[in-house]
Amino acid sequence: MANITGWTGSLLRVNLTTGNIKTEDTMKYKDLVGGAGFGYKIIFDEVPQGTKAFDEANKVVIAVGPLTGTTAPCSGRTNITSLSPTNPYHAIADSHMGGNFGAWLKFAGYDGIIIEGESTKPVWLKIEDDNISIEDASDLWGKGTIDTTYAINEIMGKEACIAAIGPAGEQMKNLASIVNSVNHSAGGHGGILGAKKLKAIGVKGTNAVHIAEGKAQDWLDLNEYMMKDIIGSNNNHVVPSTPQPWAEYHNSKSRWTAQLGLFWGAANPPVETGECAAGDKNKVGLRTQKAIFDLGPLAEDRTIKMGGCYSCPIRCQSNMYMPELEKYGLTPYATSTCINYSSPNTAMIKGYADGEKKGMDSLITKCLGSRLADDYGIWSNYGQLPRDFRYAYNSGKFKEVLPKEEYDSINWDLVESGDPGWMVEYYGNLIKGGEFGHLLDGPYWLDQRWNLGEEYWNSYGNNLWSKMAYPKHHSNESGAQVGALVNVIFNRDANSHTHMNMIGAGLPIEILKEVAGEVWGSPDALDAPMNYTPMNEYKAKFAKWSLDRNFLHDSITLCNWVWPMTVSPSKERNYRGDTALEAKFFSLATGIETSEEEMNLAAERISTMHRAACVKEMNTIDMRNEHDTIPEWVFEADPDVKPFTEGTVKLDRDDMQLGLTLLYREYGWDEKTGAPTRATLERLGLKDVADELEALNLLP
Amino acid sequence: MFEREIEDFIEKIRTRREFLKMSGKGIAGVTVATSVLNLMGCSQAEPSGNEESPEVEAFVIPTGLLVVEPNKCTGCQRCEMVCTVANDQKIHPLISRVKISRNFNYGKEMTENYRYENGYFGNFLMTPETCRQCEDAKCAEACPKNAISQNETTKAWTVDESLCVGCGACSDACPWNMPTVDPETGKSTKCILCGACADNCITGALQIIPWEKMEAIFRRKGYRFS
Ligand code: SF4
Ligand code: SF4
Ligand code: SF4
């Protein structure tokens, strides 16, 4: 067999207790592909049952996959796997960041880093090809992520990529992130690096990422095909947001915002997005003018350009010129995307001084807040943090739980008057070390501490999915049972866009239903929005496929905000996408000829590995009742309307229990409990996992 | 005023192109005014007020005009990846003949004022750097093995791998450090004008405008271009 490419073949293992650094062979994990797949298996194998997130025995796996660092569109992601401190059971979760870090790790020659033990004093990890050292970080402790990065770039050179934690991570806040390249942040595991006293990891290297021998031209051809015929816009919206002469359809919700007269207004000179017709590969990067989408119409004039992750042609991050930020001691530049821009807005619970939700105060708040969050290394828990703030404020909790002195020291006037300066006050107080900062414990632990009540958990607008302490993320409003089933599986917000990218692509429902029929066996896998029908096996197939592709993307690595390519913008293709693209890229990257079915099997293996880790960490097989719970608000919305009537997303209790059964059946998990069976684990090549679960008495 | 800018530009590239045809030598960059760019459909608007004029670079190359518009570059680094897949069957920014990654975080220099200067840690600006195919190529001049010579057909200064010993003299001699020795092969790599980078730029920040197209545009607008 020819050389296997795609993987570097080396995993780095760094023990911070002993200072030991060694490498080991990646290939023993290759059936789990990379990223999250590696992480779930390594944590399952090596972290003892009962370990808590901040314990010395917990480990952090930062890993990439065979497509990371290649030109595969949107392959610049890095996966971080560890126990989750927000989870009531400290069960496993993975967080993800884009930027340059993943590719740089490959260039240094590694598929991943396993971090174990804990240091007694602050350190940072320096990786330059085979030269790896643990360096003193005493001078960096207390610094924000930007200053930390600059200080390490001064040592390693300006081209090195640095992932760092900020003060939130140092203080072992549950809601802390790891940040590289200014704004590419992975939420939820920053506190674990803090517990290990690992401030940052700097990486650069001289090893190229190789693709399969003799396949360069095929690789370029595949890229060209994807860029011309298949790829859409952010969230795989495949129609423009406004009528265009070249387009048959348009949809106002689409992030394909490009049009004549729409600019990156603060570019010098300004750049007109113009018409970006399907098929024009030299305009894919202009399709998504996302500043106006995230920040409102005022943002057009402030847009310098769209940024994004390494190798991604979609560019979903708005790079802004905002001189107003200088008033708060920042530079006039801001950047972020989606949630980091919307999260500050949600914290302005009394609105804005100018009374405009999309006015200048709002724009300033979003830019200011996103910058502070990334520099402090604070994670919003997919926007739940500001909702928790809102709940505590409106319910009078703060008055009750904050010591009087602390309560009086907070400048609440700023939030009352709708002043963007509230961001400085809010984030500053979150990391000050007082009671207010317990908002960063996350919903479950916050409730334990502050006793928030049933309304907190059960009200629709508070968005909490379950006691697993995460909010909904494209749940029942996105494909009814399909979205709900996707949301039950995780230990953090589902962060799965597989189903959403298809449902929300912007094409007419008739076309989407046809495609659903081709991919999942029946058009009944998909309903028209707000007009849902009872559960059926095709919906279970759709849900499983969505989960599997999400797990695959976090492993291979590809961005699940754009992939998979279920549909395309091409009228000539009758809007059909190409769901075999992951397998095609994988084959050319690794030299291992892999069919779509084989890729699907690998994806299923990763999903089931995640499930097995949950079972072990929760020490129960009763996943149906202990883990896969669905919030009350899903069943109690629209009190006067029955489920399955037009106009509601309200679901039915029995129907959702059937949904769980059908999903478990698709996976070959035990239908009663939702735990993986020995037969299924063995079918997926996970016999050792079955043996371990059996030894723990955790096989159904 | 615009007419004069455009006439000047045409004159500049015309003479350089004549020179290029006759002597077979490459040519350094030319500055391009916004009015000219507008005409060629590159950038659509004037910089407002008293802002500095845009830093657009253009290079007269045998097949056309290579235009680099930093205002359009999003820093995706795909130009580098495609360059190295096409030429090296592997991916690494270091050996890419077009350079963007090295100026991604900060500008060409890293200073304490980095939060205000070029790069993603500053004003987000990064400029794709390309080989200028210089008239008097310092890279070729410096090579102790005469491994760099001008290709007859493409007119690009090209490294002969069989002669290159990987000493890095070309890189040191190039004012912009464009050639790089590939650490895996020990051979120098530099731009051969294959055009893969521009062909794959996702925003048209790098583009090669073929001579035929430029001539047609100028003629349509009533300018003479021979
Ligand atoms: S491909 Fe274009 S947009 Fe991307 S880095 Fe290169 S020049 Fe910039
Ligand atoms: S490598 Fe440098 S010196 Fe040589 S032709 Fe290119 S720009 Fe000129
Ligand atoms: S023209 Fe070809 S060789 Fe030169 S930088 Fe672009 S891709 Fe590389």
Side-chain angles (χ1 to χ4, degrees), chain A residues 5 69-71 73 100 103 107 146 149-150 153-154 157-161 181-182 206-211 213-217 219-220 223-224 227 263-264 267-272 274 281-286 304-315 319 321 330-333 335, chain B residues 34 37 43-48 51-55 69-78 81-82 84-95 101-107 109-110 112 114-116 119-125 182-184 196 198-205 207:
Chain A
T5 47
T70 69
T71 49
N100 286 340
F107 297 145
I146 300 266
T149 301
Y150 176 72
N153 276 134
E154 282 211 298
K158 67 189 171 82
E159 72 283 12
C161 185
S181 308
V182 180
T206 59
N207 302 276
V209 170
H210 289 252
I211 54 173
E213 207 184 325
K215 296 291 185 190
Q217 193 52 51
W219 183 266
L220 291 168
N223 252 288
E224 172 111 349
M227 291 293 286
F263 286 85
W264 299 350
N268 182 17
V271 173
E272 187 178 36
K281 64 176 180 165
N282 300 118
K283 290 201 171 153
V284 174
L286 293 165
I304 296 171
K305 62 171 162 173
M306 290 297 128
C309 308
Y310 187 74
S311 112
C312 180
I314 295 301
R315 317 317 280 162
N319 298 168
Y321 178 62
L330 303 186
T331 64
Y333 306 105
T335 180
Chain B
T34 314
L37 285 172
S43 283
Q44 303 285 335
E46 280 287 296
S48 58
E51 281 176 61
E52 286 170 44
S53 62
E55 237 188 76
E69 293 177 273
N71 61 334
K72 285 188 181 168
C73 173
T74 69
C76 68
Q77 304 160 73
R78 288 182 63 82
M81 298 172 217
V82 178
T84 62
V85 175
N87 291 295
D88 310 285
Q89 291 80 50
K90 59 187 182 185
I91 301 109
H92 200 303
L94 192 67
I95 51 172
S101 293
R102 69 184 182 189
N103 304 329
F104 183 89
N105 293 332
Y106 309 93
E109 303 287 328
M110 188 176 159
E112 268 182 22
Y114 69 93
R115 287 179 191 247
Y116 291 87
Y120 207 71
F121 282 77
N123 61 13
F124 306 118
L125 257 190
D182 178 343
E184 289 176 3
D199 188 36
N200 286 281
C201 175
I202 60 165
T203 57
Q207 53 174 318

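Here is the naming used below: chain letters follow the sequence lines, and residue numbers restart at 1 for every chain.
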Reported CD1-to-CD1 distance for the pair B/I91 and A/I211, which is rounded to 0.5 angstrom: 5.5 Å
Contacting region of A/T335 [heavy-atom separation from chain B under 4.5 Å]: both
Heavy-atom side-chain proximity of A/N282 to B/Q207 below 4.5 angstrom: no
A/I314 portion near chain B, given a 4.5 angstrom heavy-atom threshold: neither
Interchain contact, B/N200 with chain A, by part (heavy-atom threshold 4.5 Å): both
Under 3.5 Å donor-acceptor, B/N71 side chain and A/P269 backbone: yes
Heavy-atom contact with chain B under 4.5 Å, split by part of A/N153: both
Main-chain N/O of A/V271 paired to B/K72 side chain as donor or acceptor, under 3.5 Å: no
Any residue meeting salt bridge (Lys or Arg N to Asp or Glu O under 4.0 Å) with A/K281, in chain and number order, not counting sequence neighbours: A/E224, B/D199
Any donor-acceptor N/O pair, B/N105 side chain to A/C161 backbone, under 3.5 Å: no
Donor-acceptor pair, side chain of A/K305 and main chain of B/L125, under 3.5 angstrom: no
Selection from A/L220, A/T5, A/V284 maximising heavy-atom pairs under 4.5 Å formed with chain B: A/L220
Rounded distance [0.5 Å steps], CG in B/D182 versus OG1 in A/T206: 9.0 Å
Distance (rounded to the nearest 0.5 Å) between B/M81 CE and A/Y310 OH: 4.0 Å
Side chain / backbone / both / neither for A/E154 at chain B, heavy atoms under 4.5 Å: both
Distance in Å, B/N123 CG paired with A/N319 CG, rounded so as to fall on 0.5 Å steps: 10.0 Å
A/A160 portion near chain B, given a 4.5 angstrom heavy-atom threshold: backbone
Part of B/E184 within contact of chain A (heavy atom distance under 4.5 Å): side chain
Residue A/N100 versus chain B: region with a heavy atom under 4.5 Å: side chain
Portion of B/F104 that has a non-hydrogen atom of chain A nearer than 4.5 angstrom: side chain
Check: A/R315 side chain, B/T74 main-chain N or O, donor-acceptor pair, under 3.5 Å: yes
CZ on B/R102 to NZ on A/K158, rounded to 0.5 Å: 7.5 Å
Residue part contacting chain A, namely of B/A196, when any heavy atom lies under 4.5 Å: neither
Straight-line distance of A/K283 NZ to B/I202 CD1, nearest 0.5 Å: 13.5 Å
Non-hydrogen atoms of A/C312 and B/C76 that approach each other most closely: O-CB, 3.6 Å
B/Y114-A/Y150 aromatic ring centre distance below 6.0 Å: yes
Partners passing ring pair (Phe, Tyr, Trp, His ring centres under 6.0 Å) against A/F107 (at least two apart in sequence or in another chain): A/W104, B/H92
